[in-house]
Amino acid sequence: MLENLRQDARDELSALIELRCRLGEDPWVFLPDLPSVDEQVVATLREERLHDERWIPARARAYHPAAREGAAAKFEFDLLREIALEHPELSSAVWKVLDRVPSAW
């Protein structure tokens, strides 16, 4: 399963690179900002979980305007931590993604 997700991520990143080059963007400028293949896999798994019935209520509470400060960051941590536990090979990518989540909690 993980290898299929990695291949899909490679294909997606390759298509994105080709598109941006065709639009005239300089690869030297945008390539450093693109996620790695494993980071793209983590993003895909995160997106799938956001539509899972288990996570929908938790996300609604975390991102509600009346939520406690840091609730969204805690939600993201819990969600990404679950991905790392299910796919230990993606742990370093999960930590890189977590570095981009505001740590207000």
Side-chain angles (χ1 to χ4, degrees):
M1 174 186 161
L2 186 56
E3 207 43 53
N4 290 341
L5 289 171
R6 283 179 170 152
Q7 186 58 50
D8 290 345
R10 281 187 208 97
D11 293 344
E12 189 173 331
L13 289 170
S14 180
L16 180 60
I17 291 168
E18 181 178 347
L19 173 66
R20 291 182 73 169
C21 286
R22 286 179 184 244
L23 292 174
E25 293 186 51
D26 184 356
W28 288 102
V29 174
F30 71 81
L31 281 176
D33 296 332
L34 290 181
S36 69
V37 169
D38 280 352
E39 290 170 347
Q40 186 66 32
V41 170
V42 169
T44 299
L45 291 171
R46 178 189 171 275
E47 187 66 28
E48 288 174 1
R49 279 170 175 69
L50 289 177
H51 298 290
D52 185 285
E53 291 199 23
R54 176 175 165 227
W55 289 100
I56 291 173
R59 182 175 189 227
R61 284 190 302 274
Y63 283 96
H64 190 276
R68 290 183 175 190
E69 185 176 333
K74 172 104 173 70
F75 168 80
E76 294 294 338
F77 176 82
D78 292 343
L79 184 72
L80 292 168
R81 180 177 178 269
E82 182 178 276
I83 292 170
L85 290 173
E86 286 180 19
H87 304 281
E89 310 91 339
L90 297 174
S91 291
S92 61
V94 166
W95 287 112
K96 287 178 185 174
V97 171
L98 274 170
D99 282 343
R100 293 187 216 120
V101 174
S103 58
W105 53 278

How long is the straight-line distance from CZ of Arg59 back to CD of Glu76, given to the nearest 0.5 Å? 7.5 Å
Same cluster or not: are Val97 and Leu16 linked, directly or through other Ile, Leu, Val, Met, Phe, Trp or Tyr residues, by side-chain heavy atoms under 4.5 angstrom apart? no
For residues 18-26, please give each side-chain donor-acceptor pair under 3.5 Å, one per line with the distance, not counting sequence neighbours.
| from | atom 1 | to | atom 2 | distance (Å) |
| --- | --- | --- | --- | --- |
| Glu18 | OE2 | Arg22 | NE | 2.9 |
| Glu18 | OE2 | Arg22 | NH2 | 2.8 |
| Arg20 | NE | Glu25 | OE1 | 3.1 |
| Arg20 | NE | Glu25 | OE2 | 3.4 |
| Arg20 | NH2 | Glu25 | OE1 | 2.9 |
| Asp26 | OD1 | Trp28 | N | 3.1 |

Residue pairs involving residues 84-98 (criterion side chain to side chain donor-acceptor pair (under 3.5 Å); sequence neighbours excluded): Arg49-Glu86
Which heavy atom in Arg61 sits nearest to a heavy atom in Ala67, and how many Å separate them? O-CB, 3.2 Å
As a quick check of understanding, evaluate side chain to side chain contact (heavy atoms under 4.5 Å, CB included) for Ile56 and Leu50, giving each step before the final call. CA-CA 6 Å; Ile56 291 173; Leu50 289 177; over 6 Å; no
Yes or no on side chain to side chain contact (heavy atoms under 4.5 Å, CB included) for Asp78 and Phe75, after CA distance, side-chain angles and deciding distance? CA-CA 5 Å; Asp78 292 343; Phe75 168 80; 5.9 Å; no
Closest non-hydrogen atom pair, Val42 against Ile83: O-CD1, 4.0 Å
Take Glu39 and Arg100 through the test salt bridge (charged side-chain N to carboxylate O under 4.0 Å, His left out) and record every step on the way to the result. CA-CA 12 Å; Glu39 290 170 347; Arg100 293 187 216 120; 3.4 Å; yes
Charged N to carboxylate O below 4.0 Å: is that the case for Glu82 and Arg54? yes
Using the rule that two of Ile, Leu, Val, Met, Phe, Trp, Tyr join whenever any of their side-chain heavy atoms come within less than 4.5 Å, decide whether Leu13 and Leu31 are in one cluster. no
Side chain to side chain contact (heavy atoms under 4.5 Å, CB included), that's the test. Do Val41 and Asp8 meet it? Break it down for me. CA-CA 8 Å; Val41 170; Asp8 290 345; over 6 Å; no
Please report the closest heavy-atom contact between Ala71 and Ala62, naming both atoms and the distance. O-CB, 3.6 Å
Donor-acceptor contact below 3.5 Å, side chain Ser14 vs main chain Arg10: no
Worked check of side chain to side chain contact (heavy atoms under 4.5 Å, CB included) between Asp38 and Arg6: CA-CA 7 Å; Asp38 280 352; Arg6 283 179 170 152; 2.7 Å; yes
Taking atom CG of Leu2 and atom CG of Leu90, what is their separation to the nearest 0.5 Å? 5.0 Å
